[in-house]
Structure formats: structure tokens, C-alpha cells
Amino acid sequence: APASPSAPAPGAADVRAVLPPTVSTSGALVDADGSGIIDAGDRLEVTFTVTNPSSLPMSDISLSANGGDVSISCPATTLAPGASMTCVGRVRVDQADVDAGSATFPSVTARGVVSDDKVSAGVPGVTLAIAARPALSAGQRVSQARHRHQDGRVGRGDGLVFRRDV
């Protein structure tokens with residue numbers, strides 16, 4: 001019987017691709033306390049789109065951060081060939097981040113198993129700038145003196161006019 005077009009030719013090796021997961025990222029700063037500014041206690045959220053580029057299913061999929069006090073959650077641990085899923089990572093913004101003007105989610109390692117082969121891929125960290133808070137400064141100075149004694153010196157009973165700069 002002739003071989004079907006999709007079946008390998010007799011004697012040909014059935015080659016299956018075993019590839020590590022591919023991961024793309026995007027991040028956003030979240031104003032968790034609703035203050036209108038990003039400050040300590042808010043968070044940096046990173047979305048990881050994990051794809052199985054192999055021609056075989058990938059199992060035991062996990063993402064782990066390389067340092068930092070972070071959390072990462074994924075909806076599944078298995079992906080069919082060519083399938084993707086979205087995982088979310090979170091890290092709290094602290095005062096040092098605010099002072100530095102940026103928050104960083106550390107690098108991540110994505111791991112899985114394809115046909116009993118362990119595969120992994122490194123994912124660079126994500127750094128986002130934190131907008132500077134509007135600064136407020138105030139000052140006060142004497143802009144004019146009304147000398148009652150006409151001696152050119154400010155003394156008791158003289159009037160002062162203050163100027164306030166905000």
C-alpha cells in the first residue's frame with residue numbers, strides 16, 4: 001500500500017522538535033492604594049506569555065524568579081504543541097524603588113519537560129520607571145519694610161510685608 005503523504009517514508013526517522021519554552025513579557029505599575037501616584041506599597045505586575053514551540057506536549061511548566069520577594073502564578077502546568085498561556089508575576093514597590101525612580105521584577109527561569117527531556121529558558125528582568133512625585137516647596141521672605149523711625153533699620157513698631165512663594 002502506498003504511504004500517506006503525512007506519514008514518514010519507510011526507513012526515515014521520525015524527528016520531533018524538543019525546544020525550550022519561549023516567553024514574552026510586558027509590565028505595568030499598579031496604583032494599589034488608589035492614591036493617584038505610584039508609591040511604596042503599590043506593585044509592579046508582569047505578564048509572561050509562555051509558548052510551547054515543540055512538536056510534542058510540554059509538562060511540568062513552572063516560572064521561578066531569580067531573587068526578590070515575588071509571586072508568579074500560571075493557570076496550567078501543561079501546554080500542547082504550539083499552545084500558549086499567560087502567567088502573572090507581582091512584586092511590591094518599596095520606598096527604595098520610589099527613591100531610585102524605578103521598580104524591577106527580577107529575571108525569571110521558565111522550565112518544562114518535553115518527552116522526558118528537561119528544558120529551560122532564561123527571561124530578563126523587567127524594569128519600569130516610576131514618575132517623580134510633584135514636589136512642593138514653600139518659602140517666606142520680607143519683601144518690604146515700613147520704617148516708622150526713618151532710621152533705615154527694622155525695629156520695634158515698624159511694619160513688614162511678607163512674600164510667600166509656593
Side-chain angles (χ1 to χ4, degrees), residues 1-139 166:
S4 69
S6 62
D14 184 15
V15 177
R16 306 260 179 163
V18 176
L19 301 169
T22 60
V23 182
S24 62
T25 60
S26 65
L29 290 163
V30 178
D31 181 14
D33 60 8
S35 66
I37 59 172
I38 299 300
D39 54 6
D42 291 334
R43 66 182 179 267
L44 167 57
E45 287 191 0
V46 178
T47 301
F48 300 93
T49 303
V50 182
T51 303
N52 175 9
S54 295
S55 60
L56 298 166
M58 185 178 296
S59 62
D60 298 329
I61 298 169
S62 66
L63 274 68
S64 57
N66 300 312
D69 185 17
V70 303
S71 66
I72 303 174
S73 60
C74 296
T77 58
T78 302
L79 284 174
S84 296
M85 71 174 160
T86 300
C87 302
V88 177
R90 294 178 177 87
V91 63
R92 186 167 298 282
V93 173
D94 60 25
Q95 190 59 48
D97 297 327
V98 174
D99 295 344
S102 64
T104 299
F105 196 97
S107 62
V108 169
T109 301
R111 294 179 177 85
V113 175
V114 177
S115 185
D116 295 327
D117 291 318
K118 292 181 180 181
V119 292
S120 65
V123 181
V126 174
T127 299
L128 295 180
I130 297 173
R133 290 186 192 192
L136 178 64
S137 64
V166 180

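Residue numbers run from 1 in the order of the sequence given.
Crowding of Arg90 atom CZ: a count of heavy atoms from other residues, nucleotides or ligands under 6.0 Å exceeding 12.
Residues Pro20 and Ala121 approach most closely at CB-CB, 4.3 Å, considering heavy atoms. Nearest heavy atoms, Ser35 versus Ile37: OG-O, 3.1 Å. Summarising the geometry of Ser64 relative to Arg111, their closest heavy-atom pair is OG-NH1, 2.8 Å, with the distance given to 0.1 Å. Between Met58 and Asn52, the shortest heavy-atom contact is N-ND2, 3.3 Å.
Taking CD1 from Ile38 and CG from Asp33, the interatomic distance works out to 8.0 Å, rounded to the nearest 0.5 Å.
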> Checking side chain to side chain contact (heavy atoms under 4.5 Å, CB included) for the pair Val50/Leu63: CA distance, chi angles, key distance, verdict?
Replying inline: CA-CA 9 Å; Val50 182; Leu63 274 68; 3.8 Å; yes
>> Show, in sequence, the C-alpha distance, side-chain angles and deciding distance for Val119 and Leu19, and conclude whether the side chain to side chain contact (heavy atoms under 4.5 Å, CB included) test is met.
In response: CA-CA 7 Å; Val119 292; Leu19 301 169; over 6 Å; no
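Under the side-chain contact (heavy atoms from CB on, under 4.5 Å) criterion, Ala103 pairs with Leu29, Leu44, Val93, Asp97, Ile130, sequence neighbours left out. Residues satisfying the side-chain contact (heavy atoms from CB on, under 4.5 Å) test with Asp60, not counting sequence neighbours, are Val113.
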Using residues 68-84 as the side-chain source, report each donor-acceptor pair under 3.5 Å to any protein atom, sequence neighbours left out, with the distance given to one decimal.
{"unit_1": "Ser84", "atom_1": "OG", "unit_2": "Thr51", "atom_2": "OG1", "d": "2.7"}

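Remark: side-chain polar atoms of Ser54 are not paired, donor with acceptor, to backbone N or O of Leu56 under 3.5 angstrom. Between the side chain of Arg92 and the backbone N or O of Gly41, at least one donor-acceptor pair lies under 3.5 Å.
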